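First up is the structure itself, then whatever we jot down about it.
Note that the coordinates shown come from a computational prediction; the quantities given were computed from them, not determined experimentally. Order of the sequence lines fixes the chain letters, A, B, ..., with proteins taken first and strands second; residue numbering starts at 1 for each chain.
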Protein chains: 2
Amino acid sequence: MAKRPTIPDSELDVLKVLWRRGRATVREALETLNAAGRDWSYATVATLLDRLENKGLVESDRKELAFVYTPAISEQEVRKRRVDGLLDKLYEGDPGLLVLHLLKSHPLDPGQASRVREVLDEMTASKSSKKKG
Amino acid sequence: MAKRPTIPDSELDVLKVLWRRGRATVREALETLNAAGRDWSYATVATLLDRLENKGLVESDRKELAFVYTPAISEQEVRKRRVDGLLDKLYEGDPGLLVLHLLKSHPLDPGQASRVREVLDEMTASKSSKKKG
DNA sequence: GACCTTGTGAGACACTTGTCTTAGGATGGG
DNA sequence: CCCATCCTAAGACAAGTGTCTCACAAGGTC
């Protein structure tokens with residue numbers, strides 16, 4: 001197994017642009033980021049994309065003049081890693097605990113609450129037969 | 001408001017010892033940590049406690065020979081900060097999304113599931129009256 | 001062909017994190 | 001008093017992060 005690279009915040013911001021747009025050159029990413037309130041230089045974004053590529057988290061393909069970068073890891077996967085890390089570090093690996101704390105500190109609105117109930121029901125209903133979603 | 005210090009993993013491990021024991025000297029923390037599988041030198045733990053103190057996250061009091069450290073931030077608070085950071089970075093600040101993802105990737109056992117249902121019910125029931133703690 | 005424009009590559013540089021070494025102060029046994 | 005301990009102070013040092021500068025290549029323009 002290859003080692004899990006860490007994803008620092010600034011790299012994550014760049015990655016998010018790729019998830020949203022599907023792919024981007026350095027300049028496109030830069031513009032998206034700066035439009036969203038960031039204030040980076042071209043070189044900064046280039047460095048971040050380069051580091052992401054070294055970590056295997058994005059891929060590049062030279063199209064015409066510039067490199068075009070595409071994500072090589074999904075947002076789901078990154079979320080999962082972060083959540084697992086959090087569970088591990090602060091919740092003794094117990095997802096129930098996290099959920100409870102989450103609900104206590106961030107109450108859900110009724111719509112979300114019922115979606116959560118549905119999921120819970122499905123979960124306990126399909127105790128031993130279904131496996132898929 | 002002072003700036004939120006970051007809490008790196010190694011410092012967090014030391015902090016956890018203080019939460020569990022209430023207070024500890026460098027040596028006590030070292031022994032607890034190493035008994036738990038860590039393999040640090042005395043100086044490492046001393047450095048970590050020192051950094052934590054500079055960040056205002058622990059306090060020290062010289063008792064007899066050695067400093068005795070106590071936590072100045074609660075586990076709850078650290079958890080909250082981490083969760084908030086996660087929500088912010090990867091869930092557009094939407095706790096419902098995180099809960100849903102969590103349930104999807106880490107199914108709860110029935111006991112936990114019903115505890116969660118209770119909390120949900122309380123939440124939607126006491127829309128505007130109770131303020132429990 | 002000299003000159004922009006847009007790109008890349010290399011690397012600088014300060015700060016943080018992870019971990020340790022070394023020097024020196026206080027304490028207690030002989 | 002001198003030594004062995006245990007403690008703190010100071011800081012070393014490599015790797016990772018956050019951000020940028022600078023030199024230089026490829027492609028158009030006149």
Side-chain angles (χ1 to χ4, degrees), chain A residues 2-18 23-34 36-70 78 81-82 85 88-90, chain B residues 2-17 23-34 36-70 78 81-82 85 88-89:
Chain A
K3 238 178 104 96
R4 294 287 175 94
T6 60
I7 309 179
D9 286 352
S10 54
E11 287 172 23
L12 186 54
D13 285 346
V14 175
L15 208 39
K16 283 203 259 186
V17 171
L18 298 188
R23 64 202 156 59
T25 61
V26 173
R27 182 153 307 277
E28 288 163 351
L30 172 69
E31 273 157 14
T32 303
L33 286 160
N34 285 354
R38 279 292 192 176
D39 184 27
W40 277 337
S41 83
Y42 185 97
T44 298
V45 178
T47 298
L48 295 174
L49 279 166
D50 199 52
R51 288 180 182 168
L52 281 167
E53 188 169 21
N54 286 334
K55 294 179 183 178
L57 302 177
V58 311
E59 283 164 7
S60 67
D61 184 23
R62 184 155 225 157
K63 282 270 153 67
E64 339 237 318
L65 219 187
F67 280 112
V68 173
Y69 292 87
T70 47
V78 172
R81 290 187 189 180
R82 292 276 171 127
D88 229 56
K89 278 287 166 193
L90 283 171
Chain B
K3 243 181 102 95
R4 293 287 175 94
T6 61
I7 308 180
D9 286 352
S10 55
E11 288 172 24
L12 187 54
D13 286 345
V14 175
L15 208 39
K16 284 203 259 186
V17 171
R23 64 202 156 61
T25 61
V26 173
R27 184 153 305 276
E28 288 164 350
L30 172 68
E31 275 158 14
T32 302
L33 286 160
N34 284 355
R38 279 293 193 175
D39 184 27
W40 277 337
S41 83
Y42 185 98
T44 299
V45 178
T47 298
L48 295 175
L49 279 166
D50 199 52
R51 288 177 182 168
L52 281 166
E53 187 168 22
N54 286 334
K55 294 177 183 177
L57 302 177
V58 310
E59 284 165 5
S60 67
D61 184 24
R62 186 153 223 158
K63 280 272 152 70
E64 338 239 317
L65 220 186
F67 280 113
V68 174
Y69 293 86
T70 46
V78 172
R81 290 186 188 180
R82 292 275 172 127
D88 228 57
K89 277 286 165 192

May I have the distance from [X] (atom [atom1]) to [N] (atom [atom2]), rounded to whole angstrom?
{"X": "Ile7(A)", "N": "dG16(D)", "atom1": "CD1", "atom2": "C1'", "result": "14 Å"}
{"X": "Leu15(B)", "N": "dT17(C)", "atom1": "CG", "atom2": "P", "result": "14 Å"}
{"X": "Leu49(A)", "N": "dG7(C)", "atom1": "CG", "atom2": "C1'", "result": "13 Å"}
{"X": "Asp9(B)", "N": "dT17(D)", "atom1": "CG", "atom2": "P", "result": "12 Å"}
{"X": "Glu28(B)", "N": "dC7(D)", "atom1": "CD", "atom2": "C1'", "result": "13 Å"}
{"X": "Asp50(A)", "N": "dG18(D)", "atom1": "CG", "atom2": "P", "result": "15 Å"}
{"X": "Leu12(B)", "N": "dT16(C)", "atom1": "CG", "atom2": "C1'", "result": "16 Å"}

**Message:** As a test of reading the structure: which of dT8(D), dT17(D), dT8(C) is closest to the side chain of Val26(B), going by heavy atoms?
**Reply:** dT8(D)
**Asked** Nearest to the side chain of Thr6(B) - dG18(D), dG7(C), dT17(C)?
**Response**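 From the listed options, dT17(C) comes nearest.
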**Request:** Taking all non-hydrogen atoms of both residues into account, name the closest pair between Leu57(B) and Leu15(B) and its distance.
**Result:**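 Taking Leu57(B) first and Leu15(B) second, the nearest heavy atoms are O-CD1, 4.1 Å.
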**Message:** Quick check on Arg23(A): does its CZ atom have over 12 non-hydrogen neighbours (other residues, nucleotides or ligands) under 6.0 Å away?
**Reply:**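 Not buried by this count: 12 neighbours or fewer within 6.0 Å.
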**Message:** Take a 6.0 Å sphere around CZ of Arg81(B) and say whether it holds more than 12 heavy atoms from other residues, nucleotides or ligands.
**Reply:** yes
**Complete:** Residues of residues 52-59 of chain B with a heavy atom under 4.0 Å from any atom of DNA chain C, listed by number, are Lys55(B)
**Item:** Residue pair Leu49(A), Leu18(A): steps toward the side-chain contact (heavy atoms from CB on, under 4.5 Å) verdict
**Value:** CA-CA 10 Å; Leu49(A) 279 166; Leu18(A) 298 188; 4.1 Å; yes
**Asked** dC7(D) phosphate, OP1 or OP2: any side-chain N/O from Tyr42(B) under 4.0 angstrom?
**Response** yes
**Request:** Would you tell me if any nitrogen or oxygen in the side chain of Thr25(B) comes within less than 4.0 Å of OP1 or OP2 on dC6(D)?
**Result:**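 Answer no for this pair, as no side-chain N or O of Thr25(B) is under 4.0 Å from OP1 or OP2.
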**Asked** What is the bend of the helix from dG1(C)-dC30(D) to dG30(C)-dC1(D) when you compare the axis at one end with the axis at the other, using five pairs each and rounding to 10°?
**Response**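 Angle reported: 30°, given to the nearest ten degrees.
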When you compare the side chain of [Y] with that of [X], does any pair of heavy atoms fall below 4.5 Å?
{"X": "Trp40(B)", "Y": "Val14(B)", "answer": "yes"}
{"X": "Thr6(B)", "Y": "Lys55(B)", "answer": "yes"}
{"X": "Val26(B)", "Y": "Phe67(B)", "answer": "no"}
{"X": "Val68(A)", "Y": "Glu28(A)", "answer": "no"}

**Asked** What string of B, S and - do you get for nucleotides 19-28 of chain C, 5' to 3', when a contact is any protein heavy atom under 4.0 Å?
**Response** BBB-------
**Item:** Distance in Å, Leu12(B) CG paired with Leu90(A) CG, rounded so as to fall on 0.5 Å steps
**Value:** 5.0 Å
**Asked** Of Ala46(B) and Glu11(A), whose nearest nucleotide on DNA chain D comes first from the 5' end?
**Response**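 Its nearest nucleotide lies further toward 5', so the answer is Ala46(B).
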**Asked** So what does Phe67(B) touch, heavy atoms closer than 4.0 Å: a base, only the sugar-phosphate, or nothing?
**Response**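 Sugar-phosphate contact only - Phe67(B) comes under 4.0 Å of backbone atoms but never of a base.
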**Message:** Does Lys63(B) form a side-chain contact (heavy atoms from CB on, under 4.5 Å) with Thr25(B)? I'd like the steps, not just the answer.
**Reply:** CA-CA 9 Å; Lys63(B) 280 272 152 70; Thr25(B) 61; over 6 Å; no
**Request:** With side-chain contact (heavy atoms from CB on, under 4.5 Å) as the test, would you mind laying out the steps for Val17(A) and Asp13(A) before giving the verdict?
**Result:** CA-CA 7 Å; Val17(A) 171; Asp13(A) 285 346; over 6 Å; no
